[in-house]
Visitor: 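Take this structure first; my questions come after.
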Amino acid sequence: VPGALQVAPPLPQGVKPCYDTVVALSDVLGSGLEAFRALAGRAGTVGRHMQSLLILRRRTTSHRDPAAIGRSPAGETHARIARMKFDIGSPAIPFGGEPGELPAIYGRDRIVLLPRDPWWVYAYWEITPATRAEAMRTLGVDADAAPLVLRIHDLTADAQVADQRDPWIDVEISVDVGSQYMNVGRPGVTVSAELGLCTRAGRFAPLVRSNTLQVPPSQASPDGTVSWLPMRIPSARSAASRPRAAHDALPTAATPPALRSGDAGVRH
Amino acid sequence: MIEGGLAIVLHAHLPFVRHPEQDDVIEERWLFEAITESYIPLLEVLSGLSRDAVPVRLTISLSPSLLGMLSDRLLRTRYLNHLDRLVELAEREERRTRHQSGLNRLARMYFTRFCRVRTVFLDEWQRDLVAAFRAFQDQGLVEVITSAATHGCLPLLSTCPGAVRAQVEVAVAEHGRFFGGTPRGFWLPECAYEPGIDADLARVGVRYFVVDTHGVAHATPRPLHGVYAPIVCESGVAAFGRDPDSVNQVWSAEEGYPGDPWYRDPRRDIGLELDLGHLAPHLPPDQRRVLTGIKYHRITGPKGAQELYDPDWARGVVQQHAAQFVEARRRQAAWLAEHMDRPPIIVCPYDAELFGRGWFEGPQWLDQVLRRVALTPGLAAITPSDDLERHPTVQRATPASSTWGAKGYYEAWLAPSNDWVYRHLHAVGERLHALCRRYPSADERTRRALTQALRELLLAQSSDWALMMSKDQTAAYATQRTRDHLLRCQRLCDEVESGSVDDLGLASLEDTDNIFPALDYRVLL
């Protein structure tokens, strides 16, 4: 560790180190110290870039630790600015309003997953009486004691993890229309959920399946692949005067990248 | 010498608040205060930079809902009435304080200031502030970009078919209506990104967007240069990450510049302190106390009596802070350039309303920063698209799902106080989407009903409502707005399905929620 710290030069005068310097640094060390040592010691572009990466990552925010993300200065200030924008010295008071109430149910089977942060997802669901009755008929005698279960599938294409973990999290729920926050335990995973009846014998009768959700990652990607894409940006004047020109702005995979001296198209 | 780029990106947005059914609704003051304290001072800064031909570029995101309000005839008239009452109040303050020289000097400052705002609004820009921004865009001083139609938090809407596409396409169409052409940049509301949203931006020709620092730092593959160079998604749209070092300096009330004891205290306001009779003409009809924008004290310190604000002294502090900020960025750029094989770009995105409304001296500071950057070797004030033009070969990587809100993710918009809205937003959105597909070429009346239903759905999707629901002062209003728009959308869907569109009711809704006059429901097809 002391060796790695010596690699990074001091921050420029007038620039305060981020609150997460230590977190980011330990992130780098934890995820690839050996690889870094091997590469940084080599002469040439790759070694230099790895060194830059370490230095730059010391100065970019890493929301790795739940306690650390709570100290995010940007987030705190965003809340303050939002308060300020709508502060007129008096509570905003609604008047008038549409008659009627929003429906408590929509009469459609569904379950939806939304991301809250790298650890938690929010699920809301609705199971119609007809669907539940149909599932109970299918389960037959086992159905009476079969609770409603929300099953989360880990769809991440990660063989090592798949070997070590159960492929799902089961949460027993008590209402046919409801919502819940669930800890998925692993940032960056791809998950989906099923809602179904689960018998005591472990037989699961799925009723409805959710969207697939990619939970936000909480740290830098281990993927160090470097590849380039050329972009063509029309000048400001032509962008403002033409109606829509989506097709001529998009880079195409077929376009050979305009490589700079010393660059390789793809590096590892 | 390698020149580093400093990209200051200001995001100007307010939710669509327009109540033709009643005069002097205090929520409309959100817009009025922002015009007086932020937008017109910002235009004054741009005028000065333009007049002095300062070679800088600034990026300003103007949300479609803000454009809709700034261009609305009723709101312009109401703003002028509001401003006239403010000028009158300042005049009364001048008289009231005539025997207190310190206060009187400040009262005169406000009177002069409000008169100047009135001149800018009425005489210089003929009530059309959108035209003002367009003029600075045409001069090349500003790159105007857009944001989602009603500022929907896109990752929380993406499970609903057509929702993200409609927010993006309507926004780009509105930008074209006001500014011509396709915006090169797109401000993702709340900087909220999830992989896949870039494809909707690519489809309409947008070239870049901005995410918070960790959106780039946690991208896949790992970006070589952190947030100091853009990355490009597979869709061909580039992403720029926010520079963390400049965040605290400007944003933080405690550690940052706005908390300096010599700056004006935003919490002290005569609207909360003086006799109601004196304030009466400026107050809403129910005579509730509201902020006036006339504030006489400086922040001073944690203890003891607050001292009077001294604009001259504050101006000196602004100069110091601007110099300090620019020097820090220059050193940062020079240091980064040593370790990168391309000139770095330092992206500094801020809420436009921070400058003026949140930090009184903010516009002066911005002016000073831009003027100093123009004189600083090794640093240039550019836009993200300038950077892409100069360095068009960009590292391929997909940003991580992230926001710039509390804790860096979605908690501000997805918490027990507001999570109930998504069930309704998604269900109503799916219903309208299916209905629109059933009527690909509807008759005129059905077309109007479906278009208005889409207008109501878009208005319900604004991320502002969910955010406000977590705050006592605004929760009731935000809840009712969400509920009202959803119910109106549902009612119109019912009428279309049953073939009994109520002409009078439809016309009334078209008049009340008149945002996006060029909208067509077929954007959902």
Side-chain angles (χ1 to χ4, degrees), chain A residues 12 14-15 18 49 52 55-56 60-61 63 69-70 72-75 77-82 84-86 88-92 94 97-98 100 102 106 112 114-117 122 124 211 216-217 220-221 223-231 233 239-240 242 244-246 249-251 257-258, chain B residues 27 29 156 159 180-182 184 205 207 213-214 217-218 220-222 224 226-227 232 236 244-245 247-248 251-252 271-272 288 290-291 328 331-332 335 339 351 353-354 358 385 388-389 392-394 396 400-401 404-410 414 423-424 427 467 473-474 476-477 480 484 487:
Chain A
V15 178
C18 300
H49 280 315
S52 298
I55 296 161
L56 290 171
T60 54
T61 310
H63 293 300
I69 62 175
S72 165
T77 316
H78 175 270
R80 187 175 61 81
I81 300 290
M84 168 276 297
K85 273 169 78 165
F86 302 115
I88 41 177
S90 180
E98 288 290 310
L102 290 172
Y106 282 90
V112 172
L114 295 175
R116 196 193 78 164
D117 59 39
Y122 171 73
Y124 72 82
N211 54 306
S221 167
D223 181 356
T225 309
V226 177
S227 64
W228 304 94
L229 205 56
M231 295 190 70
I233 302 292
R242 276 186 299 174
R244 264 191 201 177
L250 298 178
Chain B
E27 291 80 10
R29 294 188 185 211
L156 299 179
T159 59
T182 304
R184 300 206 283 183
R207 275 46 160 210
T213 310
H214 54 301
H218 297 168
T220 305
R222 211 166 47 228
L224 202 57
V227 294
V232 61
D245 288 339
V247 171
N248 254 349
W251 278 65
S252 170
L272 306 179
R288 266 187 295 155
V290 289
L291 300 179
R331 285 170 181 269
Q332 185 183 9
W335 181 81
H339 298 88
D351 271 313
E353 295 80 13
L354 167 70
S385 54
L388 291 174
E389 272 183 54
T393 303
V394 182
R396 204 190 299 243
S401 181
W404 76 348
K407 301 183 185 177
Y409 298 97
Y410 301 92
L414 186 67
R423 174 191 301 277
H424 301 289
L467 194 65
Q473 295 262 317
T474 48
Y477 180 81
Q480 178 149 323
D484 281 359
L487 285 170

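Order of the sequence lines fixes the chain letters, A, B, ..., with proteins taken first and strands second; residue numbering starts at 1 for each chain.
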Visitor: Under 4.5 Å from any heavy atom of chain A, what part of T220(B) do you find: side chain, backbone, both or neither?
Guide: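 Both backbone and side chain.
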
Visitor: Looking just at side-chain N and O atoms, do Y410(B) and S401(B) make a donor-acceptor pair shorter than 3.5 Å?
Guide: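 Short answer, yes.
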
Visitor: Please answer whether the main-chain N or O of G408(B) pairs with a side-chain N or O of H214(B) as donor and acceptor at a distance below 3.5 Å.
Guide: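 Yes: the side chain of H214(B) pairs with the backbone of G408(B).
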
Visitor: Could you have a look at A92(A), G97(A), G100(A), G89(A) and say which one has the most heavy-atom pairs with chain B under 4.5 angstrom?
Guide: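 Most heavy-atom pairs under 4.5 Å with chain B: A92(A).
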
Visitor: Could you tell me which residues satisfy side-chain hydrogen bond (donor to acceptor under 3.5 Å, both in side chains) with T474(B), sequence neighbours excluded, listed by chain and number?
Guide: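 With sequence neighbours excluded, T474(B) shows a side-chain hydrogen bond (donor to acceptor under 3.5 Å, both in side chains) to no residue whatsoever.
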
Visitor: Is D351(B) in contact with chain A via its backbone, its side chain, both, or neither, using a 4.5 Å heavy-atom distance?
Guide: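 Contact with chain A involves the side chain of D351(B) alone.
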
Visitor: Under 4.5 Å heavy-atom distance to chain A, tell me which part of Q480(B) shows up: side chain, backbone, both or neither.
Guide: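 For Q480(B), side-chain heavy atoms alone lie under 4.5 Å from chain A.
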
Visitor: Would you mind checking which part of L272(B) comes under 4.5 Å of any heavy atom in chain A, side chain (CB onward), backbone (N, CA, C, O), both or neither?
Guide: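 For L272(B), the contact with chain A is made by the side chain alone.
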
Visitor: Heavy-atom distance under 4.5 Å to chain B: side chain of Y106(A), backbone, both or neither?
Guide: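 For Y106(A), the contact with chain B is made by the side chain alone.
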
Visitor: Go through S90(A) and R288(B) one step at a time and tell me if the side-chain hydrogen bond (donor to acceptor under 3.5 Å, both in side chains) criterion holds.
Guide: CA-CA 7 Å; S90(A) 180; R288(B) 266 187 295 155; 2.8 Å; yes

Visitor: Let me know if L467(B) has heavy atoms under 4.5 Å from chain A in its side chain, its backbone, both or neither.
Guide: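 Side chain only.
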
Visitor: Would you say R222(B)'s side chain and S221(A)'s backbone share a donor-acceptor pair under 3.5 angstrom?
Guide: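 Indeed, once roles are kept as given, a pair shorter than 3.5 Å links the two residues.
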
Visitor: Identify, with sequence neighbours excluded, every residue that meets side-chain hydrogen bond (donor to acceptor under 3.5 Å, both in side chains) alongside D223(A).
Guide: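 So D223(A) forms a side-chain hydrogen bond (donor to acceptor under 3.5 Å, both in side chains) with T225(A).
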
